[in-house]
Protein chains: 2
Amino acid sequence: MAVKCNCPGCNDKLCLHKVPIFSSLDHDELVKIRPMIHHREYKKGDTIIFEGDIIDSIVIINEGSVKAYKNTSDGREQILYVFSEGDFFGEQNLFGNQVSTYSVEALEKVKTCNLSREMFQKLLYTYPEISVKIIDELGNRISRLENALSIGVRNVDNRIGWILLEFADKYGTADEAGIIIHLPFSREGIANYLGIARETLSRKFSQLENEGLIKSLNNKEILIPDLGKIAEIAGNS
Amino acid sequence: MAVKCNCPGCNDKLCLHKVPIFSSLDHDELVKIRPMIHHREYKKGDTIIFEGDIIDSIVIINEGSVKAYKNTSDGREQILYVFSEGDFFGEQNLFGNQVSTYSVEALEKVKTCNLSREMFQKLLYTYPEISVKIIDELGNRISRLENALSIGVRNVDNRIGWILLEFADKYGTADEAGIIIHLPFSREGIANYLGIARETLSRKFSQLENEGLIKSLNNKEILIPDLGKIAEIAGNS
DNA sequence: CGGACTGTTGAGAGATATCAATAAGCGTGG
DNA sequence: CCACGCTTATTGATATCTCTCAACAGTCCG
C-alpha cells in the first residue's frame, strides 16, 4: 500500500503519498498541501479521539493501526473499524456535527497526518477528484456496515465467518498450508468487534478447530486451510 | 422538504429543486442538468432494483418512499433504509462495483429521477459543492449504520427504542397527547427493519403498551406520550 | 360475507449471556 | 533464565432471551 517516493526533496514525512484519496494529485500539488498538515504520534494504547470530543480535523493514518469503537449503554465496547496505513477518519465531522461518534485508540505505535476542517473543505473545492475518491471510500464503508448489519443482527456463526473473511483479506498471508491471519487484536477484541461475549467466541473457535476449519497457531495467528469453507459459514452469496 | 418552485418555465417535473444535493445550484444550472435526467414511475410493491442488478445510474426520489433491503442467507428480509422524497441511492455503484448491494421496493406510488453514472460523475467534477453535500449525507448514513450496529447486535429493547426515536423524528407529528408516528410499514416490516421475529416485536410492543410508553392507535399509527422515556429505552447517551 | 393476509398470544426449543473456576500466556523483576 | 503475578483465554453449568411452531383474532378487500 505504501508508495515509495523517490522524488528529490521528498522525505518520509510526505505521508500524503501513501494516502489513496490524494493519489490523483501530482507532486507539486502535494507539496502545496504539505504545510497544511500537522503530524502526531501515539503509542500503543493511546486514545487518539474520545467519543464525544469535538473534532476539527480529518486524521489520516501514516503508520500503524487503530481501532474505532463505541461504548454501548450496556457497558460493552463495540468495535466498528480497524483503520491502518492510508485510511482516514473524522470526515463525518467536517460538516454538520463536529462531535466524534466513536473513540479511536492506537493498537500499536501510530503516526498520523492531521488536516484541519477548513483546509480539507478548501481542498475538496479545489480538487474535485479528491471528493470522488472519498465518496468511493465512504461507499465501501457503507457497504461493509450494511453487510455487518444484515448478517450480524441475528446469526453469530455467519458473523464469525464473515469476520474471518475480512481478516483473511486484510491481514492474511498465503502459506502452503493455507492462509495465515495475523490478527489485529486479542480474542477479546474480536469478540468486541463481533458484539458477542468473549466466552462465546472461545467456544465457537474451539468448535471450528475441531471441525478442522481453522487452526489456532497462537493467540495472534490463525491458519485457515480452506477459505471456501469459511465463506460457506459466512453464508456468502 | 419540498421546495416550491415559482420561476417561469419550471413545471413540477423539475424535481431537482427538491433534491438537497443540488440545492446549491441556481436555476440556470438546474436547467442545464435537466435534460440528463430520466424519469420513472412505480406503483406500490414494484421492485425498482434487485440486489445483484447492475446499476448504471443514481436514483433520486421525487415522490413517495421506498424500502431498501437485503435477503439474508437465513431467508429473512433485512431492511436497511427507508428512502423518501429528496433521498438518493445507487451512489455506491458509480465507481468500483456496479452491482447493487440491496433491493429497493416502492412502499407507495413512487416517482424517480435517474441520472446516469457518467453524467453524475461529470457533475461532481463540475460542481464540487455537490460532492460536499453527498459526502455530508453519506457521513450521516454511516453514523446511523454505526449506531444501528453498536446498539443492535445484542440488545433488542434498545433497538426498538432506537427505531421509535428514528420514526418519531422522520414520521412523527406533535399532538397534545404526545407524538403520533405514522409508520411507514407494517409490524412485519418493522420486525424486518429490526432484524427480529414478528412475534417478538408484537410481544415487546404489548409490553411497552402495558407500561404506558406507547399507545397503538391502529396498525399504522402509534402514540408516544413521552419521548424521553423511549430515549431511555434506546439507551441514548 | 368470505378469504387471505397480518397481528397477537402461548408453549417449548435453541442459542447466547452470565457466573464461576481453571488454564494458559505475558511481562517484570529478581 | 526462571519465578511470580497479572492479564487473557478456555471450559463448564445455569439463566435468560429470542426464535419457532401453533392456534386464534383482527383487518383489509374483493
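Keep in mind that the numbers below use all heavy atoms, side chains included, and drop hydrogens, waters and symmetry copies. Letters A, B, ... mirror the listed sequences (proteins, then strands); counts begin at 1.
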Rounded distance in Å - [atom1] ([X]) to [atom2] ([N]):
| X | N | atom1 | atom2 | value |
| --- | --- | --- | --- | --- |
| B/Asp74 | C/dA15 | CG | C1' | 14 Å |
| A/Gln207 | C/dT16 | CD | C1' | 13 Å |
| B/Lys44 | D/dC28 | NZ | C1' | 11 Å |
| A/Asn192 | D/dT8 | CG | P | 11 Å |
| A/Arg203 | D/dG12 | CZ | P | 9 Å |
| A/Ile196 | D/dA9 | CD1 | C1' | 14 Å |
| B/Asn219 | C/dT6 | CG | P | 11 Å |
| A/Glu188 | D/dT7 | CD | C1' | 10 Å |

Using a strict threshold of under 4.0 Å (side-chain N to carboxylate O), is an ion pair present between A/Glu91 and A/Arg141? yes
- Query: For C/dT16, does OP1 or OP2 lie under 4.0 Å from any side-chain N or O of A/Thr200?
  - Reply: no
Looking at A/Lys204, does any N or O in its side chain come under 4.0 Å of the phosphate oxygens OP1/OP2 on C/dA15? no
Less than 4.5 Å apart, side chain to side chain, heavy atoms only: is that true for [X] and [Y]?
| X | Y | value |
| --- | --- | --- |
| B/Phe185 | B/Ile79 | yes |
| B/Lys70 | A/Asn147 | yes |
| B/Leu208 | B/Leu164 | yes |

Closest of D/dT11, D/dA22, D/dT18 to the A/Glu199 side chain is D/dT11
Among C/dT8, D/dT8, D/dT18, the one nearest any side-chain atom of B/Arg187 is C/dT8
* Asked: What does A/Lys220 touch in the nucleic acid at a heavy-atom separation under 4.0 angstrom: a base, only the sugar-phosphate, or nothing?
  -> nothing
| query | With a non-hydrogen cut-off below 4.0 angstrom, is A/Ser202 in contact with a base, only sugar-phosphate, or nothing? | reply | base
Would A/Tyr69 and A/Tyr102 count as a close aromatic pair, with their ring centres under 6.0 Å? no
